[in-house]
Asker: 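Take this structure, written in structure tokens, and hold onto it; I'll ask about it next.
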Amino acid sequence: MKPSDGDRKWGFSTRCLHSGSLTDSRKTGLVTPLYPATAFAYLDVDDYAYPRNFNVPNQKVLVEKICALEGAEEGLVFSSGMGAIFTVLLGLLSPGDHAIFQNDLYGGTHYAITSELERMGIDYTFVDKVDEDSLENARHEKTRLVYIETPSNPLLTIIDMQLVAEWASSHGIISCIDNTFASPVVQNPIEFGIDVVMHSATKYLGGHSDLSAGAVVSSARIMEKVLHTAVNTGAVLNAQVCHLLERSIKTLTVRVRQQNRNAMEIAEFLNEHPEVERVFYPGLTTHPGHELARKQMKDYGAMLSFEVKGDPDEFVSRLRLIAPAMSLGGVESTVTSPRLTSHAKPGPEARQKAGIRDNLLRLSVGIEEADDLKEDLDQALGL
Ligand SMILES: *Cc1c(COP(=O)(O)O)cnc(C)c1O
């Protein structure tokens, strides 16, 4: 199943394409065959295959590919990002343990923490700013895990991954990151010492707004614990979707590079636009996290947000090409209003505290021609 151990030397795009693919020895086809079976023979095998044992061929091939992209030893794929994230938390934390979370996490993760962990006797602290002081203030002897997201949603705050990883390892704490917003093309947290990397593969890895999946990669030691819980939570990805996701990842680099290029161009365009108040994009030298982004990201990603001077809802309704749609990371550009979507539930006060103004819009930049996107934004901003 492993093409060769040499694939670690391959460049990123080559790994997207060739790592973790199973050759079709019978018919010599170039792509991994689809194995839809849920029943496999158990006689004369050490470890019989079963989807919920996370060991059917299409799962294993896909995991190998994602591990090659993140430089990880082992991994698992799930039926959603939340399936992956919650299984990690459940697998690595026990009653009485304490965990530290960045406050501006993906809304679904934030909700899972506040609505489930306490009930299970797991203690936690949210920190507004992730730096050594805030981590040290939040830490106590039962702290087992620290969890971050960078760039963050929706203000694209950049967190120092190396600082978090080194602080955590010096205290025997497991460091985790949700790498969905960046994608493995843009950032590989394991290079900076982070222990566990999670993805909502529904976003960039899938990339076509047509599948739901999640992934976790880490060391073999940590993944053994996660697997133990994963078998019980059962959020498995079936072979058909594994196959679709494997196919999607082959074009990950070309998609995301074009998305990043477009995002940079659009960020600069919006930054100069008289009808735009502020732009949040780590690629802009004016972004407070720009220097850190240069250090730890290979590119600046394709997510950005901006504040419009006029009515944000009217702006959205005037867009013709960019779709007002939830989710992100697809080949088509989409826009959301955090006030009405991800940050509707916390309410106006919490939004204000987090610096999320009512005129903020979040853009997930697609692979269209940048000129077409700029033209659409320009006509919707209206002058
Ligand atoms: C979408 C998303 C998730 C959750 O993933 P699902 O596939 O919807 O379960 C987690 N983290 C981030 C950053 C996301 O954007």
Side-chain angles (χ1 to χ4, degrees), residues 7 10-21 30-32 61-71 75 77 80-81 150-151 153 156 178-189 197-215 217 237 241-269 281-283 293 297-305 321-323 325-336 362-374 376-377:
D7 65 350
W10 284 338
F12 190 84
S13 199
T14 312
R15 276 179 273 148
C16 281
L17 191 55
H18 292 293
S19 290
S21 88
L30 287 188
V31 303
T32 305
V61 161
L62 178 58
V63 163
E64 217 171 276
K65 195 185 270 305
I66 298 172
C67 284
L69 303 189
E70 289 287 18
V77 287
S80 70
T150 178
N153 179 34
L156 290 302
D178 180 337
N179 203 26
T180 303
F181 248 50
S183 89
V185 180
V186 169
Q187 139 184 315
N188 299 124
V197 180
M198 286 158 277
H199 282 281
S200 167
T202 314
K203 316 297 167 52
Y204 287 102
L205 294 179
H208 295 72
S209 311
D210 61 0
L211 65 83
S212 165
V217 298
L237 195 62
V241 181
C242 287
H243 197 257
L244 200 53
L245 184 52
E246 184 189 335
R247 175 184 156 143
S248 289
I249 296 175
K250 291 181 183 180
T251 57
L252 180 68
T253 328
V254 281
R255 284 188 277 114
V256 175
R257 282 185 188 156
Q258 165 94 353
Q259 287 172 287
N260 293 344
R261 260 198 309 277
N262 282 352
M264 188 74 212
E265 209 173 306
I266 287 165
E268 282 169 347
F269 166 77
Y281 183 63
M297 297 167 81
K298 296 175 170 72
D299 205 332
Y300 301 108
M303 297 300 300
L304 62 93
S305 57
L321 181 59
I322 301 170
M326 294 296 288
S327 202
L328 61 106
V331 284
E332 59 286 282
S333 296
T334 56
V335 67
T336 62
R362 189 194 76 183
L363 202 58
S364 168
V365 181
I367 62 168
E368 299 91 343
E369 294 295 340
D371 284 345
D372 293 331
L373 294 172
K374 286 193 282 186
D376 193 32
L377 289 164

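Predicted model, so just to flag it, every value in this text is computed and none were measured. For the single chain, residues carry numbers from 1 onward in sequence order.
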Asker: State whether a side-chain donor-acceptor pair under 3.5 Å links T253 with R257.
Answerer: no
Asker: Quick check: closest heavy atoms across S248 and H208, and the distance to 0.1 Å?
Answerer: OG-ND1, 3.8 Å
Asker: Can you tell me which residue among E368, E369, E265 is in a salt bridge (Lys or Arg N to Asp or Glu O under 4.0 Å) with K374?
Answerer: E265
Asker: Is there a donor-acceptor contact under 3.5 Å from the side chain of T180 to the main chain of S200?
Answerer: yes
Asker: Please report the shortest heavy-atom distance between V77 and C242, naming the atom on each side.
Answerer: CG2-SG, 4.4 Å
Asker: Strictly distance-based, threshold 3.5 Å: is any side-chain N or O of D376 a donor or acceptor partner for the main-chain N or O of I322?
Answerer: yes
Asker: Just how far is it from atom CD of Q259 to atom OG of S333, taken to the nearest 0.5 Å?
Answerer: 7.5 Å
Asker: Less than 4.5 Å apart, side chain to side chain, heavy atoms only: is that true for K203 and S364?
Answerer: no
Asker: Over all heavy atoms of both residues, which pair between L205 and I249 is shortest? Give the atoms and the distance, please.
Answerer: O-CG1, 3.8 Å
Asker: Minimum heavy-atom separation for L69 and F12, please, with both atom names.
Answerer: O-CE1, 3.6 Å
Asker: How close do Y204 and S183 get, counting heavy atoms only, and between which atoms?
Answerer: CB-CB, 3.7 Å
Asker: Find out whether D299 and V185 are in side-chain contact, i.e. whether some heavy atom of one side chain is under 4.5 Å from a heavy atom of the other.
Answerer: no
Asker: Would you say E70's side chain and G75's backbone share a donor-acceptor pair under 3.5 angstrom?
Answerer: no
Asker: To check you understand the geometry: which heavy-atom pair defines the closest contact between A325 and T336, and what is its length?
Answerer: O-CG2, 3.1 Å
Asker: Would you indicate whether the side-chain heavy atoms of L237 and L62 approach each other to under 4.5 Å?
Answerer: yes
Asker: Could you check whether any side-chain N or O of N262 sits under 3.5 Å from a backbone N or O of G366, counting only pairs where one atom can act as donor and the other as acceptor?
Answerer: yes
Asker: Y281 and side chain to side chain contact (heavy atoms under 4.5 Å, CB included): which partner among L363, L304, V365?
Answerer: L304
Asker: Can you confirm whether C16 sits close enough to K250 that some side-chain heavy atom of one is under 4.5 Å from a side-chain heavy atom of the other?
Answerer: no
